[in-house]
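Accompanying notes for the structure given below.
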Amino acid sequence: MAESDGVDSAGAPEKAFYVTTPIYYVNDAPHIGHAYTTVAGDVLTRWHRQRGERVHFLTGTDEHGEKILRAAEANGMTPQQWCDHMVESAWKPMLAAIDAANDDFIRTTELRHTGPVQQFLRVLHDRGEVYEGTYTGPYCVACEEFKLPGELLQPGDRCPVHDRPVEQLSEENYFFRLSAYQDRLLAHYRDHPQFVQPDSARNEVVRFVESGLQDLSLSRSTFDWGVSVPWDSSHVVYVWIDALQNYITAAGWGSDPQRFAGLWPADVHLVGKDILRFHAVIWPAMLMAAGLALPTTVFANGWLLVGGEKMSKTKLTGIPPQRITDHFGSDAYRYYFLRELSFGQDGSFSWESMAQRYTSELANDFGNLASRLTSMVERYRDGSLPAPAPEPALAGALEKTVLLADDRMCAMDFQAGLAAVFDYVRLVNGYVTDSAPWVLAKDPARAADLDRVLYATAESLRALAVLLNPVMPKSCARLWTSLGAEAALGPLAAQRVQDAGRWGLLQAGSQVRKSEVLFPRLPDDEPAP
RNA sequence: GGGGCGGUAGCUCAGCCGGUCAGAGCAGGGGACUCAUAAUCCCUCGGUCGCGGGUUCGAGUCCCGCCCGCCCUACCA
């Protein structure tokens with residue numbers, strides 16, 4: 001198969017596999033729900049990178065809007081200072097804690113974003129997609145802000161903050177002709193079933209659009225922390241319209257056409273299901289209106305439930321990722337959430353299940369297998385790996401494992417992909433026990449059998465290091481070193497998923513060294529917060 | 001009210017177009033082994049597949065009704 005170096009035969013940059021997370025609102029404190037989406041994107045992109053593809057992984061922060069303005073005021077800072085503070089003290093540390101290898105980090109207050117956003121608005125305006133209109137909605141005088149019909153207290157349409165009746169107020173706004181896109185959106189959903197995933201999310205979106213769309217007001221004039229509407233500086237762009245564009249502005253739209261051509265359209269927008277509608281309805285309509293290509297897939301992941309409830313800041317169930325990574329490490333964190341939960345469905349997090357999977361699967365099954373092998377090669381063969389030898393029982397299973405894992409991971413079915421890999425881990429543990437190399441070692445006449453068993457086990461671990469590297473890069477790097485694989489095979493990052501199932505890659509004489517255990521057993525107890 | 005998804009062994013969940021689909025892992029019980037992180041391996045206990053009808057030679061698997069849970073129902077990041 002063709003190796004990719006990022007350039008196709010014509011010399012033009014190969015279009016990258018482009019994955020995005022939502023940009024996170026800096027006013028929120030990062031919790032495991034944010035990190036879940038980010039980890040999924042990171043593992044997905046690392047997997048494709050391990051397949052030899054050119055990849056681009058984008059994340060970032062959303063920094064405009066009235067809430068930011070008010071939070072900054074409350075903290076005695078300018079909005080920009082407040083955003084800078086939150087990005088540096090909360091959001092970037094979260095990425096470091098989960099070991100995310102994003103290629104870019106976009107902030108909506110950056111000039112590379114705000115300039116192109118204005119350009120985009122002009123394009124919509126010039127194309128007749130925007131008109132001036134009147135927004136009428138429930139308004140609380142005490143709050144000095146519009147309320148959402150759904151949040152009003154009943155009976156009487158009362159403000160949930162002040163418990164007093166709201167009044168209907170009108171504001172002159174600019175509107176986007178979203179309603180004009182109903183049929184085109186429905187046609188797109190119909191012709192591109194992979195556009196919204198999983199199916200449950202797609203169903204909801206289709207039903208929603210079928211029920212009819214209203215035009216969307218895309219500007220605000222009651223505060224000024226946002227991108228100015230280019231033809232009317234008394235308005236700022238509605239924060240969602242601003243935020244969605246990060247996916248193209250970060251890719252170079254409006255600033256770097258060559259870069260944009262090499263990235264857009266995005267292959268996957270990962271989103272939480274709470275913001276699905278913005279990504280599966282408004283965003284594609286905006287792109288259609290501007291004449292741009294649509295992303296291939298919008299994938300909505302489920303929510304993490306804690307104690308059976310959705311995490312909530314107000315209920316103090318929003319768990320910071322660092323609380324878990326401090327105890328279990330980033331590799332285990334990444335593994336746990338993708339292995340335990342079915343991506344796309346809601347799932348429960350509990351400290352107990354995290355500890356259980358850590359101990360059972362990472363420490364006892366995977367880590368211990370590495371210990372068994374390295375210890376025996378040191379003990380029986382002075383740390384020098386025996387020569388390659390066939391072992392059909394394992395080689396056949398490994399080949400199937402690689403094909404299945406690759407298929408599942410590319411489909412974003414991380415749970416099944418990891419299950420396939422760990423089925424193989426179990427198989428190898430069984431193989432070692434059945435082969436009983438410690439018995440073979442006592443009989444010089446069976447030296448060849450011992451060599452074969454040691455080689456087969458090492459070769460299996462070699463493949464596991466490749467397959468698990470996108471999920472657990474730190475541990476797999478140590479395993480790679482421990483196997484002495486780099487001398488003959490090169491860096492772990494250079495190993496291709498497609499070749500991982502080939503038997504006989506590790507070379508005779510590789511220096512195998514027992515290292516610190518990959519996943520030390522840990523106390524199960526949850527540390528006090 | 002309308003809509004979406006789900007309700008399968010103690011726990012977490014697989015089960016595509018109906019016919020070894022009654023499963024996996026963990027937990028529990030028993031045994032083997034000692035290379036290894038008191039790890040590993042094997043065996044085993046265990047479920048009227050939410051409830052009630054229906055279609056069919058045959059239904060967790062399709063249809064209808066009901067019960068329960070979560071979510072969506074437009075400008076909340």
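In the text below, chain A, chain B and the rest are named by the order of the sequence lines, each starting its count at 1.
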Worksheet, complete the sentence: To the nearest angstrom, the NZ-P distance between A:Lys273 and B:C5 comes to 12 Å
Fill in: Euclidean distance for P, B:G2 against B:G47 (whole angstrom)
39 Å
Item to complete: Quick one: sort the A:Phe195 and A:His188 rings into parallel, tilted or perpendicular, breaks at 30° and 60°.
Response: perpendicular
Discussion item. Applying the Watson-Crick and G-U wobble criteria at under 3.5 Å, what pairs with B:A24? Answer none if nothing qualifies.
Written reply: B:U12
Worksheet item: Looking at the side chain of A:Asn368, which of B:C35, B:U37, B:U12 is the nearest nucleotide?
Response: B:U37
Worksheet item: Who is the Watson-Crick or G-U wobble partner of B:C76, with both distances under 3.5 Å?
Response: none
Practice prompt. Using whole Å, report how far CZ of A:Arg452 lies from P of B:C35.
Written response: 19 Å
Item to complete: Would you kindly give the CG-to-P distance between A:Leu276 and B:C5, to the nearest whole Å?
Response: 14 Å
Worksheet item: Taking atom P in both B:C71 and B:U55, what distance in whole Å separates the two?
Response: 38 Å
Item to complete: Measure the acute angle between the ring planes of A:Trp283 and A:His269, then classify it against the limits of 30° and 60° as parallel, tilted or perpendicular.
Response: tilted
Item to complete: Under a 3.5 Å limit for both distances, which nucleotide forms a Watson-Crick or G-U wobble pair with B:G46, could you say?
Response: none
Discussion item. Does the structure place the NZ or CZ of A:Arg408 under 6.0 Å from the centre of the six-membered ring of A:Phe414, at an angle of no more than 45° from the ring's axis?
Written reply: no
Worksheet item: B:C64 and B:C70: how far apart are their C1' atoms, nearest whole angstrom?
Response: 24 Å
Practice prompt. Kindly indicate whether a cation-pi arrangement holds for A:Arg452 with A:Tyr455, taking the cut-offs as under 6.0 Å to the six-membered ring centre and within 45° of the axis.
Written response: no
Fill in: Distance between P atoms of B:G65 and B:C5 (Å, rounded)
15 Å
Discussion item. What's the separation between atom CG in A:Asn364 and atom CZ in A:Arg357, rounded to the nearest 0.5 Å?
Written reply: 13.5 Å
Worksheet item: What integer distance in Å separates A:Leu341:CG from B:A14:P?
Response: 11 Å
Please enumerate all protein N or O atoms sitting under 3.5 Å from an N or O of nucleotides 25-29 of chain B, with distances to 0.1 Å.
unit_1, atom_1, unit_2, atom_2, d
B:C26, O2', A:Gln356, OE1, 3.2
B:C26, O2', A:Gln356, NE2, 2.7

Practice prompt. In whole angstrom, give the distance that lies between atom CG of A:Leu373 and atom P of B:U34.
Written response: 19 Å
Practice prompt. Give none if B:U40 has no partner; otherwise give the nucleotide forming a Watson-Crick or G-U wobble pair with it, both distances under 3.5 Å.
Written response: B:A32
Response to the item:
Regarding the side chain of A:Thr433, the nearest nucleotide among B:C5, B:G3, B:C41 is B:C41
Item to complete: Could you measure between the two C1' atoms, the one in B:G15 and the one in B:A22, and give it in whole Å?
Response: 10 Å
Worksheet entry | Pairing of A:Asp423 and A:Arg426 as salt bridge, 4.0 angstrom limit | yes
Item to complete: Check the chi torsion on B:G60 and let me know: syn if it falls within 90° of 0, anti if not.
Response: syn
Item to complete: Give a yes or no on whether a salt bridge exists between A:Arg381 and A:Asp451, defined as a side-chain N under 4.0 angstrom from a carboxylate O.
Response: yes
Practice prompt. For B:C67 and B:A24, measure between their P atoms and round to the nearest Å.
Written response: 35 Å
Fill in: Spacing of the C1' atoms in B:C33 and B:A14 (rounded, Å)
32 Å
Worksheet item: For B:G6, which nucleotide in any strand shown is its Watson-Crick or wobble partner with both distances under 3.5 Å?
Response: B:C68
Item to complete: Indicate the ring-plane relationship of A:His64 and A:Trp225, choosing parallel, tilted or perpendicular according to the 30° and 60° boundaries.
Response: perpendicular
Practice prompt. For A:Asp215, report the nucleic acid contact type (base, sugar-phosphate, nothing); a contact means any heavy atom under 4.0 Å.
Written response: base
Discussion item. If I take atom CD1 in residue A:Ile275 and atom P in nucleotide B:C72, what distance separates them, rounded to the nearest angstrom?
Written reply: 13 Å
Item to complete: Could you work out which one of B:C72, B:U37, B:C33 sits closest to the side chain of A:Glu204?
Response: B:C72
Worksheet item: Roughly, in whole Å, what's the span from CD in A:Glu516 to C1' in B:A36?
Response: 16 Å
Worksheet entry | Separation of B:G3 P from A:Arg202 CZ (nearest whole Å) | 18 Å
Item to complete: Kindly point out which of B:C76, B:U37, B:U34 is positioned nearest to the side chain of A:Lys67?
Response: B:C76
Item to complete: Kindly assign one of parallel, tilted or perpendicular to the pair A:Phe349 and A:Tyr336, based on the angle between their ring planes and the thresholds 30° and 60°.
Response: perpendicular
Worksheet item: When you compare B:C11 with B:G58, how far apart are their C1' atoms, in angstrom units rounded to a whole number?
Response: 33 Å
